[in-house]
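Letters A, B, ... are given to chains in the order of the sequence lines, protein chains preceding strands, and every chain is numbered from 1.
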Amino acid sequence: MVERLRGFRDFYPEEQEIRSEIFRKMKDSCRQFGFKEIDGPSVENVELFANKSGMEIMNQMFSFKDKGGREVSLIPEFTPTLSRMVSARKDLVKPLKWFSVEKFWRYEEPQSGRTREFFQLNADILGSESYLADAEISSLAGHILKNLGIGNATKLKINSRILIDRLIQSYLPGKKEEVYYLLDRWNKLGEEEVGSYIEEKGIDKEIITSFSTGRILETMEDPELQKLNEIRDYVRSSEAIKVEIDLKIVRGIAYYTGFVMEASDLEEKFRSILGGGRYDNVVAQLGGESTPATGFAMGDAVLENILKAKGLWVQKKEGGIFLAPIDSAGRKYAIRVASTLRELGLGVDLNVMDRGISKQLDYASKMGYEYVVILGESEAKQESISLKNMTTGEQKEIELKNAKEILEKLR
RNA sequence: GCCGGGAUGGGGUAGCGGUGCAUCCUUGGGGACUGUGGAUCCCCGGACCCGGGUUCAAAUCCCGGUCCCGGCCCCA
């Protein structure tokens with residue numbers, strides 16, 4: 001048998017059902033915030049990524065030559081496509097509030113919360129330089145997490161590249177790269193490693209610690225900090241999620257120009273569940289008109305980790321109806337009953353096996369149907385159905401006309 | 001790309017050099033059952049990841065690969 005490719009996943013019905021429900025919730029939240037859904041190609045010219053993303057991402061792409069000899073790649077992220085779409089249309093009314101849920105591909109070593117093919121929600125606001133856009137984006141992120149049932153299990157951490165750069169310039173000049181590296185890994189490295197890195201690079205321990213704890217901000221007066229405070233208060237007042245300013249959130253991506261954010265589970269047991277920020281130069285870098293932009297992306301893999309840990313990765317009990325004919329008269333009649341009920345918009349499963357009533361009930365039970373409709377010669381004659389409630393085991397014979405009303409409530 | 005730990009029917013497992021056709025549960029299909037038996041009983045299908053090697057003998061030991069789980073790098 002041919003095996004599934006490394007790092008790829010199959011989604012069987014039990015799981016796909018959960019997955020669709022989660023995506024539906026995410027999309028609902030976006031729409032409630034006035035965002036419009038978009039979609040793009042899964043394959044793009046590699047140049048689109050070469051421009052912006054740097055070497056690292058180039059090494060992780062599923063790239064190939066198409067039959068026309070073009071170097072193309074499965075998309076590893078959304079921002080380049082988004083920028084291309086924005087640049088191509090000069091008539092778009094700003095600000096744009098767009099979201100998408102798409103598949104992405106990156107050739108990496110699979111591990112917890114990481115696969116080679118994954119889904120990602122992207123939500124962006126383009127055309128606004130205001131911190132209000134950052135606040136709205138953050139608020140949406142919080143709302144989505146709340147809607148997914150993990151608003152209490154996660155927190156949003158926000159920061160500003162501009163702010164941290166100013167701090168570095170005032171207190172640790174010339175050490176930008178080292179400070180970024182250190183803050184980004186502060187919790188991961190642990191005290192000892194942090195200590196030895198500080199010593200090695202000649203960074204003042206007192207100062208860097210006041211960065212990591214945020215103590216430095218207590219006495220600071222700065223317009224960028226002021227904005228950040230307002231974003232924090234904005235999200236706070238939506239009461240969806242915990243939010244705090246954290247100077248340790250720098251995000252690795254080179255193109256962030258100011259505001260950055262990240263969300264994770266409270267204990268930080270998992271990777272960050274979403275990340276994003278302001279990227280005012282990307283659209284222009286890709287050849288478009290200068291367009292300020294802010295947004296975030298949320299992958300499905302870490303989300304799955306967290307939902308499972310919180311016991312929220314569960315199938316909704318859906319019920320449904322199974323039609324079980326027991327003789328040839330019943331089989332003919334069943335087709336009529338099925339289409340009658342389907343007209344009402346009900347989901348109706350009809351036996352397609354050569355089976356007796358016992359095995360049909362067995363099947364219906366295993367599939368989780370709430371009702372079984374038993375149909376035979378007698379029902380066919382009387383235009384009735386025998387309706388069996390699979391939870392209680394109760395069964396009664398009712399006229400088909402009345403059955404409609406009863407079953408319609410199930411929809 | 002690098003580093004750990006794994007891999008036995010669809011799922012969960014027992015066996016860890018030879019004594020039983022590779023164990024047990026579950027799942028799947030069928031039969032008894034001819035309108036209530038989602039029960040019970042019975043039958044059937046289905047596996048030692050792949051390729052080399054060591055050995056009289058390999059699921060079992062060794063090497064390589066593949067895949068899985070986890071970590072590093074990186075996280076767009």
Side-chain angles (χ1 to χ4, degrees), chain A residues 1-10 12 14 48-61 73 75-83 102 104-116 118 120 122 124 181 184-185 188-189 193 249-256 260 262 264 270-277 279 282 295-299 301-302 305 322 324-330 351 353-381 385-397:
Chain A
M1 206 174 75
V2 180
E3 283 183 332
R4 167 166 32 71
L5 248 31
R6 179 167 171 72
F8 287 74
R9 297 170 289 174
D10 296 322
Y12 290 90
E14 315 85 88
L48 186 62
F49 308 105
N51 277 333
K52 168 202 143 234
S53 310
M55 281 324 283
E56 188 57 45
I57 198 158
M58 293 292 283
N59 293 334
Q60 294 180 349
M61 291 195 302
S73 176
I75 54 172
E77 58 168 325
F78 191 60
T79 311
T81 298
L82 177 67
S83 303
E102 280 196 74
F104 297 91
W105 296 265
R106 292 180 199 165
Y107 198 92
E108 301 181 279
E109 282 315 302
Q111 54 196 280
S112 177
R114 173 169 299 173
T115 53
R116 287 183 174 174
F118 55 96
Q120 207 174 58
N122 279 265
D124 298 86
Y181 176 89
D184 195 32
R185 291 165 181 74
K188 216 174 192 176
L189 289 176
E193 276 179 277
I249 305 306
V250 292
R251 306 292 299 162
I253 303 88
Y255 62 63
Y256 287 131
V260 284
E262 191 174 299
S264 59
F270 301 98
R271 294 167 193 281
S272 64
I273 182 171
L274 63 85
Y279 51 101
V282 177
F296 71 89
M298 179 162 104
V302 175
N305 283 159
F322 181 77
I326 54 178
D327 52 34
S328 64
N351 174 54
M353 296 280 276
D354 202 6
R355 275 173 174 164
I357 180 67
S358 175
K359 299 262 156 140
Q360 290 195 57
L361 287 169
D362 191 11
Y363 171 80
S365 175
K366 278 177 187 146
M367 295 298 284
Y369 286 112
E370 202 178 349
Y371 287 95
V372 169
V373 171
I374 295 159
L375 302 166
E377 202 177 347
S378 130
E379 281 87 354
K381 264 186 199 149
I385 64 170
S386 289
L387 185 66
K388 186 178 178 74
N389 181 322
M390 295 300 275
T391 314
T392 62
E394 271 178 78
Q395 183 181 323
K396 52 190 167 188
E397 189 172 345

Requested in this report: May I ask you to decide whether A:Glu109 forms a salt bridge with A:Arg116, counting only side-chain N to carboxylate O separations under 4.0 Å?
Outcome: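 The answer is yes: the pair qualifies as a salt bridge.
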Query - Whole-Å gap separating P (B:G28) and CG (A:Asp354) - result: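 Whole-Å distance recorded here is 18 Å.
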Query - Close side-chain approach of A:Phe8 to A:Thr115, heavy-atom, < 4.5 Å - result: no
Is there a side-chain contact between [X] and the phosphate of [N], meaning an N or O under 4.0 Å from OP1 or OP2?
{"X": "A:Arg114", "N": "B:C74", "result": "no"}
{"X": "A:Arg6", "N": "B:C68", "result": "yes"}
{"X": "A:Arg355", "N": "B:G30", "result": "yes"}

Remember a base hit wins even if backbone is also touched, and classify [X] as base, sugar-phosphate or nothing at under 4.0 Å, heavy atoms.
{"X": "A:Gly393", "value": "base"}
{"X": "A:Met353", "value": "sugar-phosphate"}
{"X": "A:Phe118", "value": "nothing"}
{"X": "A:Lys359", "value": "base"}
{"X": "A:Arg185", "value": "sugar-phosphate"}
{"X": "A:Gly7", "value": "sugar-phosphate"}

Query raised in the report: Once you round to the nearest 0.5 Å, how far does CG of A:Leu48 lie from CD1 of A:Ile75?
Result: 9.5 Å
**Report entry** Reported CD-to-CG distance for the pair A:Glu262 and A:Leu274, which is rounded to 0.5 angstrom
**Finding:** 8.5 Å
Requested in this report: Can you label the angle between the A:Tyr363 ring and the A:Tyr369 ring as parallel, tilted or perpendicular, going by 30° and 60°?
Outcome: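 The rings of A:Tyr363 and A:Tyr369 sit tilted, inter-plane angle from 30° to 60°.
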What pairs of nitrogen or oxygen atoms, one from the protein and one from nucleotides 33-35 of chain B, lie under 3.5 Å apart?
residue : atom : partner  : partner atom : Å
B:G35   : O6   : A:Glu377 : N            : 2.9
B:G35   : O6   : A:Ser378 : N            : 2.9
B:G35   : O6   : A:Glu379 : OE1          : 3.3
B:G35   : N1   : A:Glu379 : OE1          : 2.6
B:G35   : N1   : A:Glu379 : OE2          : 3.2
B:G35   : N2   : A:Glu379 : OE1          : 3.4
B:G35   : N2   : A:Glu379 : OE2          : 2.4

Just the atom pairs and distances: protein N or O near nucleotides 46-49 of chain B's N or O, under 3.5 Å.
none

Query raised in the report: Just by modelled atom types, is the A:Pro76 backbone N or O under 3.5 Å from a matching donor or acceptor in the A:Arg106 side chain?
Result: yes
Report task. Select one nucleotide: of B:G70, B:C75, B:G38, the one nearest the side-chain heavy atoms of A:Arg271. Result ->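 Comparing B:G70, B:C75, B:G38 against the side chain of A:Arg271, the answer is B:C75.
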Query raised in the report: Side chain of A:Lys388: nearest nucleotide among B:G29, B:U36, B:C73?
Result: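 Ranking B:G29, B:U36, B:C73 by closest atom to the A:Lys388 side chain puts B:U36 first.
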Report task. Inspect the surroundings of CD in A:Glu377 and state if more than 12 heavy atoms from other residues, nucleotides or ligands are less than 6.0 Å away. Result ->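 Counting neighbours around CD of A:Glu377, 12 or fewer heavy atoms of other residues, nucleotides or ligands fall under 6.0 Å, so no.
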Query raised in the report: Could you write nucleotides 3-9 of chain B as a row of B, S and -, 5' to 3', where a protein heavy atom under 4.0 Å of any base atom gives B, of only sugar-phosphate atoms gives S, and otherwise -?
Result: -------
